[in-house]
There are 2 protein chains.
Amino acid sequence: MASVESQSSSKQHKRTRIIDASIEVFAEKGFRGARISDIARKAEVADGTIYLYFRNKEDVLLCIFEEKMEEILAVLHARLDGIEDPFERLQAFAATHFQLLRDHPALAQVFQVELRQSHRFLREYRPEKLWQYLQVIEEIVREGQETGALRADLDPFLVKWAIFGALDELSIQWVLARKRERFNLDRAASQVVEVFVGGMANRSNTSKVGRKP
Amino acid sequence: MASVESQSSSKQHKRTRIIDASIEVFAEKGFRGARISDIARKAEVADGTIYLYFRNKEDVLLCIFEEKMEEILAVLHARLDGIEDPFERLQAFAATHFQLLRDHPALAQVFQVELRQSHRFLREYRPEKLWQYLQVIEEIVREGQETGALRADLDPFLVKWAIFGALDELSIQWVLARKRERFNLDRAASQVVEVFVGGMANRSNTSKVGRKP
DNA sequence: TCCCACTGAATGAGGATTCAGCCCTTACCG
DNA sequence: CGGTAAGGGCTGAATCCTCATTCAGTGGGA
């Protein structure tokens with residue numbers, strides 16, 4: 001289990017301190033509301049120092065994404081390693097996804113909310129690391145189809161987005177509603193995966209999905 | 001079928017012209033990139049006039065949301081009216097959702113991308129109209145459970161977010177990838193609903209969902 | 001002494017927002 | 001009727017404010 005989010009201490013390299021401080025500040029004040037001087041203060045660094053390590057404020061946000069995604073991908077692969085069954089793999093994927101959120105609330109806020117306010121992130125940037133993350137889902141589905149466990153008529157490309165969308169929306173709502181205590185992430189994970197898995201499972205015995213007459 | 005998006009003509013009330021122009025400009029340049037003067041020019045109105053009808057730039061965005069959601073809700077209810085079967089209702093929900101996107105590409109961009117850059121929309125604002133929209137899903141699930149068509153062990157609250165998340169993510173990707181022609185929305189709608197419906201259906205004959213041994 | 005990572009006050013851009021009139025419409029009056 | 005005044009919607013150039021970003025200078029280490 002990689003660190004993903006480390007403690008900000010004046011011992012560390014300034015770049016690391018700036019990244020960690022940014023996560024906190026972005027989470028607390030939002031990307032726009034966060035001032036460079038806020039980040040600098042929290043990182044115990046001068047405003048100008050930030051520009052020695054990052055092109056500009058948005059670059060800080062994108063670097064958070066790049067670097068934390070790297071660690072997250074490592075965690076994810078470690079977790080999935082050795083699991084063969086596609087249902088269990090999907091279960092593990094969702095569990096890991098939600099566990100990371102829970103363990104790193106500030107980072108979760110940044111990923112689920114603030115990152116999406118970056119014009120560049122949405123319009124120009126190619127978040128390769130996110131594609132890699134999502135590709136894991138697509139692979140699981142594809143392999144399940146090859147072994148015959150999953151319906152072959154589903155488009156893994158679309159299913160990937162649907163599953164990610166479901167997990168992502170639950171994540172967002174958890175982040176936004178955290179204080180109001182509405183979400184039970186574990187329950188969410190298992191129910192979502194159960195529904196998807198149930199709906200994707202190959203049932204050769206029924207031509208039409210079991211409807212009520 | 002309400003208008004949802006009307007033509008900007010200098011005959012209309014200025015407020016309407018401003019709303020319509022904003023949708024176009026926000027869609028084209030993004031919320032941040034859109035200047036008040038751009039909107040004013042497109043609406044054939046002076047910069048200052050906008051402030052006679054809206055508190056500020058963000059207020060314009062939120063008013064777009066409020067007013068267009070109102071129309072969308074009307075369309076949705078008209079479509080669902082008369083359909084009883086929960087599976088068909090869900091099918092109709094998804095179809096309507098995607099059809100609105102396709103028919104109003106600029107509005108789709110605003111809803112799927114720009115609106116989410118509004119700090120206020122995400123953090124403080126209570127988008128009642130969105131809750132109403134989502135509540136429709138929750139109701140469908142709940143009713144399906146009452147008639148026994150759907151598994152009773154699923155939490156309609158969570159399922160609502162999962163379904164919405166899946167539709168929403170596909171919508172976002174369609175909006176972002178539109179030019180690159182990757183998404184087939186109809187296929188997406190039917191596959192997603194099929195999977196969800198398959199996964200939520202009450203199958204009393206199988207204790208465990210059909211797994212491969 | 002030289003080097004260079006670092007500092008933080010000063011700068012400047014970029015637009016959102018304001019507001020002092022303008023002018024069109026309507027009402028009233030001679 | 002023609003003329004005048006009041007009212008209010010509208011205008012758009014000028015203002016103003018906020019930070020992100022810069023860069024001349026500092027000081028600690030080799």
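So that the names make sense, note that chain A is the first sequence line, chain B the second, and so on, each numbered from 1. Worth saying up front: this structure is predicted, and the values here are computed from it rather than measured.
Contact record, Ser118(B) with Leu62(B): OG-CD2, 4.4 Å, taken as the closest heavy-atom pair. Between Phe31(B) and Glu114(B), the shortest heavy-atom contact is N-OE1, 3.0 Å.
For Ile50(B) and dG9(D), the CD1 to C1' distance is 15 Å, given to the nearest whole Å. Distance, Ile18(B) CD1 to dG9(D) C1': 12 Å, rounded to whole Å.
Ring geometry, Tyr53(A) versus His13(A): the interplanar angle exceeds 60°, so the pair is classed perpendicular (tilted spans 30 to 60°).
For Glu70(B), the CD atom is loosely surrounded, since the number of other residues' heavy atoms within 6.0 Å does not exceed 12.
The aromatic ring centres of Phe93(A) and Phe164(A) sit 6.0 Å or more apart.
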Expected string for nucleotides 3-18 of chain C under the B/S/- scheme (protein heavy atoms, under 4.0 Å, primed atoms plus P, OP1, OP2 as sugar-phosphate) is ---BBB------SSBB
